[in-house]
Amino acid sequence: MESQLLSDEQANNIVTTARTATGDSLRSVTYFTRSDFDQLYLRDDLERDADLNTFVGHEWRGYRETQNAYQNSELGQYKFTVRAFENGYLLRIAADRKGVLITTDGLSMSSYEEIAEALQRMLKENAED
């Protein structure tokens with residue numbers, strides 16, 4: 001899938017990082033900003049009928065609310081969110097102006113932590129470009 005928000009190299013790096021870490025468990029990858037999004041990857045056996053506009057909007061608001069609610073918490077700085085659903089899982093990694101949503105089949109929590117750390121580094125590097 002072609003991205004309008006990222007260079008081809010940046011989009012490919014995000015998908016490759018997610019794919020390498022998750023293997024065949026990867027369902028989808030979506031890059032988002034405050035005002036737009038691009039679905040970078042969708043597994044062939046999945047329908048292309050998801051309402052991504054609503055989905056991404058909800059996750060962006062959720063990120064902002066989480067940042068505000070827990071900013072002075074003893075838990076420390078927010079890192080990422082994992083949501084469990086009947087047919088899969090969602091990993092949200094976000095920064096001030098952008099983020100990545102990944103949907104997967106089940107993975108271990110340590111796998112989600114590794115993916116989140118790698119994608120957070122990539123988001124920081126892209127911010128410096």
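The analysis underlying the following values was restricted to heavy atoms, covering all of them including side chains, and did not include hydrogens, waters or symmetry mates.
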Under 3.5 Å donor-acceptor, Gln10 side chain and Ser7 backbone: yes

Which atom of Gly106 lies closest to which atom of Ser25, heavy atoms considered: O-OG, 4.0 Å

CG on Leu90 to OG1 on Thr81, rounded to 0.5 Å: 8.5 Å

Minimum-distance pair of heavy atoms, taken over all atoms of Leu42 and Ser28: CD1-CB, 3.9 Å

Rounded distance (nearest 0.5 Å) linking atom CG of Leu107 with atom CD of Glu114: 10.0 Å

Enclosure of Arg97 CZ (heavy-atom neighbours >12, cutoff 6.0 Å): no

Heavy atoms from other residues, nucleotides or ligands near CG of Asp45 exceed 12 (cutoff 6.0 Å): yes

Pairs touching residues 13-22 that satisfy side-chain hydrogen bond (donor to acceptor under 3.5 Å, both in side chains), sequence neighbours left out: Arg19-Asp24

Gap between atom CG of Leu123 and atom NZ of Lys98 - 0.5 Å precision: 6.0 Å

Over all atoms of both residues, closest heavy-atom pair of Thr33 and Leu5: CG2-CD1, 4.2 Å

Pairwise ring pair (Phe, Tyr, Trp, His ring centres under 6.0 Å) hits with a residue in residues 74-102, at least two apart: Tyr63-Tyr78

Closest non-hydrogen atom pair, Thr30 against Gln39: OG1-CG, 3.8 Å

Heavy-atom check, side chain of Val29 versus side chain of Leu101, under 4.5 Å: no

Check: Ile115 and Ile102 side chains under 4.5 Å, non-hydrogen atoms: yes

Donor on one side chain, acceptor on other, Thr104 and Tyr112, under 3.5 Å: yes

Minimum-distance pair of heavy atoms, taken over all atoms of Phe32 and Val100: CE2-N, 3.4 Å

Stepwise side chain to side chain contact (heavy atoms under 4.5 Å, CB included) test for Ile14 and Leu119: CA-CA 7 Å; Ile14 289 171; Leu119 290 172; 4.1 Å; yes

Side chain proximity check, Leu6 to Leu40, heavy atoms < 4.5 angstrom: yes

Qualifying salt bridge (Lys or Arg N to Asp or Glu O under 4.0 Å) pairs, either residue in residues 76-90, two or more places apart: Glu59-Arg83

